[in-house]
Amino acid sequence: IKDIAQLHRTVQTLFEEEESLLNLHMSVIQENAELLTEEGKLLQSVQSEAVADYDIDDYASRLGTILDRKSYLITCLKDKLVSFRGQLQKEEELSSKIVSLPGY
């Protein structure tokens, strides 16, 4: 009975983790699309005119900021995925324990 209660808690947590992962994934996709648009505009502005040195500095600085944000978003999503996979593994292990119990 202890294992069954633990399985129920684990399944509930798994559902919450799944919802959280899906929401984060959607947010990351949306923000990446915005960043991609910003990158395109940034590149276009640098290529379209005679660019002074300070413009290149601004370009490099802004591109660095965009890339840092993208790296952060990917890291957050990967961390959430690792957590979800861990919860999924825990649920699978508990399920197999329960199935092996008499009467199940």
Side chains of residues 28-36: which donor-acceptor pairs under 3.5 Å do they make with residues two or more places apart or in other chains?
| residue | atom | partner | partner atom | Å |
| --- | --- | --- | --- | --- |
| E31 | OE1 | R69 | NH2 | 3.0 |
| E31 | OE2 | R69 | NE | 2.6 |
| E31 | OE2 | R69 | NH2 | 3.2 |
| N32 | ND2 | V28 | O | 3.3 |

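In this structure, the separation between CD1 on I66 and OG on S71 is 12.0 Å, given to the nearest 0.5 Å. Going from atom CG of L7 over to atom OG of S96 covers 10.0 Å, rounded to the nearest 0.5 Å.
Put simply, the side chain of S61 never gets that close to the backbone of D57: no donor and acceptor are under 3.5 Å apart.
Under the 4.5 Å side-chain heavy-atom criterion for ILVMFWY residues, no single connected hydrophobic cluster contains both L73 and L22. Neither L21 nor I74 shares a network with the other; the hydrophobic side chains, linked directly or stepwise wherever heavy atoms of I, L, V, M, F, W or Y lie under 4.5 Å apart, form separate groups for each. Taken together through direct or relayed side-chain contacts under 4.5 Å among Ile, Leu, Val, Met, Phe, Trp and Tyr, L81 and L77 form part of one hydrophobic cluster.
In this structure, the salt bridge (charged side-chain N to carboxylate O under 4.0 Å, His left out) partners of E39, at least two apart in sequence or on a different chain, are K70. Legend: residues meeting salt bridge (charged side-chain N to carboxylate O under 4.0 Å, His left out) with E38, ordered by chain and number and at least two apart, are R62. Every residue two or more places apart in sequence or in another chain that forms a side-chain hydrogen bond (donor to acceptor under 3.5 Å, both in side chains) with E91 is listed here: S95. Among residues two or more places apart in sequence or in another chain, the side chain to side chain contact (heavy atoms under 4.5 Å, CB included) test is passed with S83 by E17.
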Go through Y59 and L63 one step at a time and tell me if the side chain to side chain contact (heavy atoms under 4.5 Å, CB included) criterion holds. CA-CA 6 Å; Y59 161 81; L63 180 58; 3.6 Å; yes

**Message:** Could you go through Q87 and K90, starting from their C-alpha distance and side-chain angles, then the distance that decides it, and tell me whether this counts as side chain to side chain contact (heavy atoms under 4.5 Å, CB included)?
**Reply:** CA-CA 5 Å; Q87 200 63 35; K90 185 177 177 183; 4.1 Å; yes

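Legend: side chain to side chain donor-acceptor pair (under 3.5 Å) pairs involving residues 18-29, not counting sequence neighbours, sorted by first then second residue: S20-K80.
At a threshold of 4.5 Å between non-hydrogen side-chain atoms, the residues Q44 and Q47 do not count as touching. Counting heavy atoms from C-beta outward, V46 and I56 have side chains that approach closer than 4.5 Å.
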